[in-house]
Amino acid sequence: MRVLLIGSGGREHALAASLAEDESVTKLICAPGNPGMAALGDCVPVNQTDPAAVASLAVTSAADLVIVGPEAPLVAGVADAVRAKGIPVYGPSGEAALIEGSKAFAKEVMAAAGVPTAAARVCKTREEAEAALDEFGAPYVVKDDGLAAGKGVVVTDDRAQALAHAMDCDRVVIEEYLDGPEVSLFVVSDGKHAKALLPAQDFKRIGDGGTGPNTGGMGAYTPLPWAPDDLVAEIMERVAEPTLAELAGRGKPFVGTLYCGLALTSKGLKVVEFNARFGDPEIQAILALLETPLGGLLYAAATGKLESFGHLWWREGAAVCVVVSNEGYPGDTVTGRPLYGADEAGIFHAGTALDTSGQLIATGGRVLNCVGIGGSIAQARQEAYALAEGVKLEGGYFRKDIAANI
Ligand code: AMP
Ligand code: GLY
């Protein structure tokens, strides 16, 4: 099977590494890929958010399966364009991807499907925003309605800051604050049937102890030793299955990853957000434990054959991912500095490039993902931190408390 993988981040590098281990994958083409992925497949340039360009690349590369990693191409309709060429694609249509692309749409689907989530108001004017802030009270949760790479959400006790964020966005969702630990569950769906991966937890804030602004994610671990045994079954039954059925019923079947971001609150589990793709960096840790060949699983989902696919196999133990970011992230970052120690096994490239002399440099906010595996979370953590400490990058930063004391 020839696989075309769209994307260029750490998630895609980890997907590429798993695909490269799948014997059914005879050829891997990464578009555009990154310097780390170049060791695993052919990297070819493409404008990822141009549906016609990706569809035409799928045809010329004779792909049997296209996998779309990031959300922006999905929301732009890349999967629709590939599907229209008759090529199986793992990733939802533009309409179904709105479950991530519009927080207001996600809330409406959840209400229709009876899925538990925070009470919320969609606001366009200052008056509406002020009324919603006062209705829910502090801590205030204000979310940009559109895609914002994990940085469009402000959670604060400061009403003026909450209102200022609302005024910076065209349309916002203001909602009730959810307490309790967060869980990410990725559900692989063929539109009708679905399979859950291992649950994971990510670390959203930039600073140790969960301080500072939200980021795309600074680390993750899986599985969750503290979670109740029936957690995954409960999420499938109360969240994933009703949501997938609701989308299918609207003629927008969801083929791809339904990312269920949940809070286990004192009043039971509630959805914090849905995404339309694998979470980054959680999937880097999850794939480290997946024994089932990934290409076969995603092909079954892309071709509507998940019901007969069988059980997923996982290796024993735990995996931890530590993200190394550039100076300044999640604000303005300093980029272009030389990067060393990045080609170890277990390190995935998230924001790297080669300069004109062939030197690896750090670009973007999140630069590398260091994944450790072990018999326990403590062992996996040690391995991940050993990798992160071996990275040489001026101004490079990582949290010191990823998966600590779990
Ligand atoms: P989102 O982009 O919706 O995932 O939000 C990013 C992060 O903001 C979440 O992972 C939470 O840590 C936090 N967050 C979002 N919504 C809420 C909420 N209703 N209550 C508390 N924290 C939230
Ligand atoms: N790790 C959070 C996300 O991918 O949105």
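Atoms within each ligand, like the ligands themselves, are counted from 1 in listed order.
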Per-atom contacts, ligand 2 versus [X] - under 4.0 Å to a heavy atom:
X: Gly216; value: 1 (N), 2 (C), 3 (C)
X: Gly279; value: 4 (O)
X: Asp202; value: 1 (N), 2 (C)
X: Asn275; value: 5 (O)
X: Arg277; value: 3 (C), 4 (O), 5 (O)

Which ligand 1 atoms, with their elements, are less than 4.0 angstrom from a heavy-atom of [X]?
X: Tyr177; result: 20 (N), 21 (C)
X: Lys143; result: 3 (O), 15 (C), 16 (N)
X: Val141; result: 16 (N), 17 (C), 18 (C), 19 (N), 20 (N)

Region of Asn214 that comes within reach of ligand 1 [heavy atoms, distance under 4.0 Å]: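 Asn214 to ligand 1: side-chain contact only, backbone stays beyond 4.0 Å.
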
Report yes or no: do [X] and [Y] form a side-chain donor-acceptor pair below 3.5 Å?
X: Thr117; Y: Lys107; answer: yes
X: Tyr397; Y: Glu327; answer: no
X: Asp158; Y: Thr156; answer: no

Discussion item. Between ligand 1 and Leu178, is the shortest N or O to N or O distance under 3.5 Å?
Written reply: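 Yes; the residue has a nitrogen or oxygen that sits under 3.5 Å from a nitrogen or oxygen of the ligand.
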
Original post:
Any nitrogen or oxygen of Lys103, main chain or side chain, under 3.5 Å from a nitrogen or oxygen of ligand 1?
Top reply: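 It does: an N or O of Lys103 is found under 3.5 Å from an N or O of ligand 1.
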
Query raised in the report: If hydrogens are left out, which of Lys204, Glu273, Glu175, Glu182 has an atom nearest to atom 19 (N) of ligand 1, that is, the closest non-hydrogen atom?
Result: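 Heavy atom nearest to atom 19 (N) of ligand 1 belongs to Glu175.
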
Look at atom 14 (N) of ligand 1 and find which of Val155, Thr117, Asp202 reaches it with the closest heavy atom.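 That would be Val155.
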
### Task
Specify whether Phe348 and His13 have parallel, tilted or perpendicular ring planes, treating 30° as the upper limit for parallel and 60° as the lower limit for perpendicular.
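Rings of Phe348 and His13: perpendicular, as their planes differ by over 60°.
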
Tell me if a side-chain donor or acceptor on [X] pairs with a main-chain N or O of [Y] at a distance below 3.5 Å.
X: Glu176; Y: Ala119; value: yes
X: Asp145; Y: Ala104; value: yes
X: Arg366; Y: Thr215; value: no
X: Tyr329; Y: Ile206; value: no

- If you look only at pairs with a residue in residues 291-303, which of them pass as a side-chain hydrogen bond (donor to acceptor under 3.5 Å, both in side chains), with sequence neighbours excluded?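 The answer is none; no pair qualifies.
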
Within the structure, is a non-hydrogen atom of Phe278 found at a distance of less than 4.0 Å from ligand 2?
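Per 4.0 Å heavy-atom rule, Phe278 does not contact ligand 2.
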
**Report entry** ligand 2 contacted by Arg11 (non-hydrogen, < 4.0 Å)
**Finding:**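 No; Arg11 lies far enough from ligand 2 that no heavy-atom distance drops under 4.0 Å.
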
Can an N or O of [X] be found at a distance shorter than 3.5 Å from an N or O of ligand 2?
X: Gly217; value: no
X: Glu282; value: yes
X: Lys204; value: no

**Report entry** Least distance between heavy atoms, Leu306 atom then His193 atom
**Finding:**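 Closest pair (atom of Leu306, atom of His193, distance): CD1-O, 3.5 Å.
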
task: Write out all pairs satisfying salt bridge (Lys or Arg N to Asp or Glu O under 4.0 Å) with one or both partners inside residues 92-101, taking only residues at least two apart or from two chains.
output: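 For residues 92-101: Glu100-Arg277.
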
**Item:** Identified salt bridge (Lys or Arg N to Asp or Glu O under 4.0 Å) partner of Arg121 from the options Glu135, Glu128, Glu127
**Value:**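 The residue from Glu135, Glu128, Glu127 that satisfies salt bridge (Lys or Arg N to Asp or Glu O under 4.0 Å) with Arg121 turns out to be Glu135.
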
Checklist line | Lys270 heavy atom under 4.0 Å from ligand 1 | finding: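 Lys270 does not count as a contact of ligand 1 under the 4.0 Å cut-off.
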
